[in-house]
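The block underneath contains the structure these notes are about, expressed in structure tokens.
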Amino acid sequence: MTSWDGAGRGVAGRGDRSTVGRAERRGRGAAGRGTAELWDEGLQSERTRLAWVRTATMLAASGLGAGGVALRTSGVHLLVAVPFALAALCGALLLARTGVRYHRVQDALHGGRPLDERADALLAWLGTLSAVTGSLAFVVLR
Amino acid sequence: MGTPTEPAGDRGKEPDPRFTLANERTFLTWLSTSLALSAGGVAMAAVSPDVFVPWMRTLLAVVLVSLSALAAAMAYPRWRRVQHALRHAAPLPPPALAPLFGYGVAAVALLALVLILTGR
């Protein structure tokens, strides 16, 4: 159980893939990077990460989907697709930032530092507002 | 484990990280709700004209997208307000608009059901 790779493969081979086991192993194996350790039993950071992934995926998908619909609908100006494209871009950026955000949260939790990051939330908010603006324009102009 | 919030800190105390993260997830859920309502509105507006009466279709789409705009607009201010309340161990702001979303979506669903059943 001293080497992360060896231990990981050995235990995974036996079918034991519990998150706790993996987190403990990684925590011990990589000194100084305790970010994979569980912080509490409620899996706070993991649930938050999934919520971010869900929202960013919805943002990207609805941006692309609605933008595609707007472009294919006759009688709707091409410009209506612009806010949808912006929303999709915000979703893609947020998805790309998932890992960075998660590690920042984990570090803050384990280091006892305050958690209040607003930049990503603002990006998500602007993306959603953009998608809503596009939808309003589409619904009214259709 | 995080330290639990101490009551009544006037200058504000760093809240329990679990509450901060729960607040963040609630904010994200409001955004997802808004996106889902928008998607519903766009889908309703994009439906082919012979499925629903055109003005009815537009009305339903506008209601859905308006609800979506409302949800999106209030999400960020509400997130900040809840965080402020957490810092000051104050009562959380009430979910004042929650009934509106419930009844609004129910009304749209009912109208759509009537339209489907009457074949218009």
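Nothing here was measured: the structure is a model prediction, and the numbers come from that model. So you know, we letter chains A, B, ... as the sequences are listed, proteins then strands, and number each from 1.
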Worksheet item: Heavy-atom distance under 4.5 Å between the side chains of A:Leu86 and A:Leu126, does that happen here?
Response: no
Discussion item. Using side-chain heavy atoms (C-beta onward) and a distance below 4.5 Å, is B:Arg78 in contact with B:Pro93?
Written reply: yes
Just give me the residue among [options] that pairs up with chain B most often, heavy atom to heavy atom, under 4.5 Å.
options                     : answer
A:Ala121, A:Ala66, A:Ala108 : A:Ala121
A:Val76, A:Leu122, A:Leu129 : A:Leu122
A:Arg72, A:Arg118, A:Arg54  : A:Arg118
A:Val139, A:Leu109, A:Thr57 : A:Val139
A:Ser135, A:Gly134, A:Gly65 : A:Ser135

Within residues 102-112 of chain B, contacts to chain A at heavy-atom distances under 4.5 Å involve none
Listed by number, the residues in residues 29-37 of chain B that come under 4.5 Å of chain A (heavy atom to heavy atom) are B:Leu31, B:Ser32, B:Ser34, B:Leu35, B:Ala36
Sorted by chain and number, sequence neighbours left out, salt bridge (charged side-chain N to carboxylate O under 4.0 Å, His left out) with A:Arg101 holds for A:Asp120
Residue set satisfying salt bridge (charged side-chain N to carboxylate O under 4.0 Å, His left out) with B:Arg80, at least two apart, ordered chain then number -> A:Asp116
Exercise. With A:Arg49 as the cation and A:Tyr102 as the aromatic partner, state whether NZ or CZ is under 6.0 Å from the six-membered ring centre and within 45° of the axis.
Key: yes
Pair count under 4.5 Å, heavy atoms only, with chain A: among B:Pro54, B:Ala69, B:Ala46, highest is B:Ala46
Assert top hit (heavy-atom pairs under 4.5 Å, partner chain A, pool B:Val65, B:Asn23, B:Thr20, B:Leu28) equals B:Leu28
Is there a donor-acceptor contact under 3.5 Å from the side chain of [X] to the main chain of [Y]?
X        : Y       : value
A:Thr98  : A:Leu95 : yes
A:His77  : A:Leu79 : yes
A:Arg142 : B:Ala45 : yes

Does [X] share a hydrophobic cluster with [Y], counting links as ILVMFWY side-chain heavy atoms below 4.5 Å and allowing steps through other members?
X       : Y        : value
B:Leu97 : B:Leu67  : yes
A:Val53 : A:Trp125 : no
B:Phe27 : A:Leu115 : no
A:Leu89 : A:Val82  : no
B:Val63 : A:Val140 : no

Relative to chain B, which segment of [X] carries a heavy atom at a distance below 4.5 Å: side chain, backbone, both, or neither?
X        : result
A:Val69  : side chain
A:Val105 : side chain
A:Arg47  : both
A:Leu50  : neither
A:Thr73  : neither
A:Leu136 : both

Separation between CZ (B:Phe19) and CD (B:Gln83), nearest 0.5 Å, reads 11.5 Å
Rounded to the nearest 0.5 angstrom, the CH2-CG distance for A:Trp52 and A:Leu59 is 10.5 Å
Exercise for the section: Go through the side-chain N and O atoms of A:Ser45 and A:Gln106 and say whether any donor and acceptor fall under 3.5 Å apart. Expected result: yes
The interface call for B:Tyr76 against chain A, heavy-atom contacts under 4.5 Å, is both
